[in-house]
Amino acid sequence: MDSFWENAFIQTAGYYSVTVLCIVLFLFVFELVTKYKNWEEIKKGNISVAMATGGKIFGIANVFRHSILHHDTLFVMIGWGIFGFFLLLTGYFIFEFLTPKFNIDKEIEKDNRAVGFISLVISVGLSYVIGAGIP
């Protein structure tokens, strides 16, 4: 039975399943902290929200990518993924704090594509930094 869990296909399916579930959960958390409704805005064609949300999805997936590469067990991978997510979430709040002249969420909701793009780049960029720090 041990060989079943050591099979590369089974491990890949396990990592994939857990990562997708975590992405869904973490997007729900981001939905709670933003002042707009991500999926309603995307449905309306708001490119800025789509870019910001896409950056978050990529960022979370990239953190999990590094976590999978550096750990042998599913539980350790999940732990580092959760830690990385909280660092990404902290980055979101720092971005909001460092822009006192305007409100990030309001600008993204108004489809300010420059702010949406910067939000995307911050999420992606921080995910690389977080991933590089995962031992």
Say whether L21 and L89 are linked into one hydrophobic cluster, either directly or through other cluster members, by side-chain heavy-atom distances under 4.5 angstrom.
no
Establish, from distance only, whether the side-chain atoms of D111 and S48 form a donor-acceptor pair under 3.5 Å.
yes
Can E96 and N103 be said to form a side-chain contact (heavy atoms from CB on, under 4.5 Å), step by step?
CA-CA 7 Å; E96 185 74 54; N103 183 289; 3.7 Å; yes
What verdict does the side-chain contact (heavy atoms from CB on, under 4.5 Å) test give for M51 and I47, after you've listed the backbone C-alpha separation in whole Å, the side-chain angles of each residue and the deciding distance to 0.1 Å?
CA-CA 6 Å; M51 286 190 291; I47 300 296; 4.0 Å; yes
Rounded to the nearest 0.5 Å, what separates atom CD in Q11 from atom CZ in F9?
11.5 Å
Rounded to the nearest 0.5 Å, what's the gap from CZ on F83 to CG on L88? Could you check?
11.0 Å
Applying salt bridge (Lys or Arg N to Asp or Glu O under 4.0 Å) as the test, list every pair that has at least one member in residues 116-129; sequence neighbours left out.
none
Do I78 and V18 come close enough that some side-chain heavy atom pair is under 4.5 Å?
yes
Could you give the distance from CG (L98) to CZ (F93), rounded to the nearest 0.5 Å?
13.5 Å
Between the side chains of E109 and K106, is the shortest nitrogen-to-carboxylate-oxygen separation below 4.0 Å, so that they form an ion pair?
no
Answer yes or no: is there a side-chain heavy-atom contact under 4.5 Å between I68 and R65?
no
Any side-chain heavy atom of N38 sitting closer than 4.5 Å to one from Y36?
yes
Answer with yes or no whether the hydrophobic clustering places I134 together with I23; edges join I, L, V, M, F, W, Y residues whose side-chain heavy atoms lie under 4.5 Å apart.
yes
Residues K43, E40: salt bridge by 4.0 Å N-O rule
no
Do V115 and V33 sit in one hydrophobic cluster, given that two such residues count as connected whenever their side-chain heavy atoms are within less than 4.5 Å of each other, even indirectly?
yes
Can you establish whether the number of heavy atoms outside F117 located under 6.0 Å from its atom CZ is more than 12?
no
With clusters defined by side-chain heavy atoms of hydrophobic residues (ILVMFWY) lying less than 4.5 Å apart, directly or transitively, does F58 cluster with W39?
no
Counting heavy atoms not belonging to F102, are there more than 12 under 6.0 Å from its CZ?
yes
Does H70 form a side-chain hydrogen bond (donor to acceptor under 3.5 Å, both in side chains) with W80? I'd like the steps, not just the answer.
CA-CA 10 Å; H70 294 356; W80 279 104; over 6 Å; no
Show, in sequence, the C-alpha distance, side-chain angles and deciding distance for K56 and T34, and conclude whether the side-chain contact (heavy atoms from CB on, under 4.5 Å) test is met.
CA-CA 12 Å; K56 292 169 187 167; T34 57; 3.7 Å; yes
If you compare all heavy atoms of G55 against all heavy atoms of S123, which two are closest, and at what distance to 0.1 Å?
O-CB, 3.3 Å
Intermediate values then yes/no, side-chain contact (heavy atoms from CB on, under 4.5 Å), T19 and I60:
CA-CA 9 Å; T19 300; I60 295 165; 5.9 Å; no
Looking at S67 and V63, would you say the former's side chain and the latter's main chain have a donor-acceptor pair under 3.5 Å?
no
Single-linkage hydrophobic cluster L87~I94, side-chain heavy atoms < 4.5 angstrom
no
Please check if the side chain of H71 supplies one atom and the backbone of P135 the other of a donor-acceptor pair under 3.5 Å.
yes
Quick one: CZ on R113 to CD1 on I108, what's the gap to the nearest 0.5 Å?
13.0 Å
Of Y92, F26, F28, which meets ring-ring contact (aromatic ring centres under 6.0 Å, His included) against F85?
F26
Beyond-backbone contact of I118 with I122, side-chain heavy atoms, under 4.5 angstrom
yes
When rounded to the nearest 0.5 Å, the distance separating NZ of K110 from CG of D105 is 12.0 Å
d(L27 CG, C22 SG) to nearest 0.5 Å is 11.0 Å
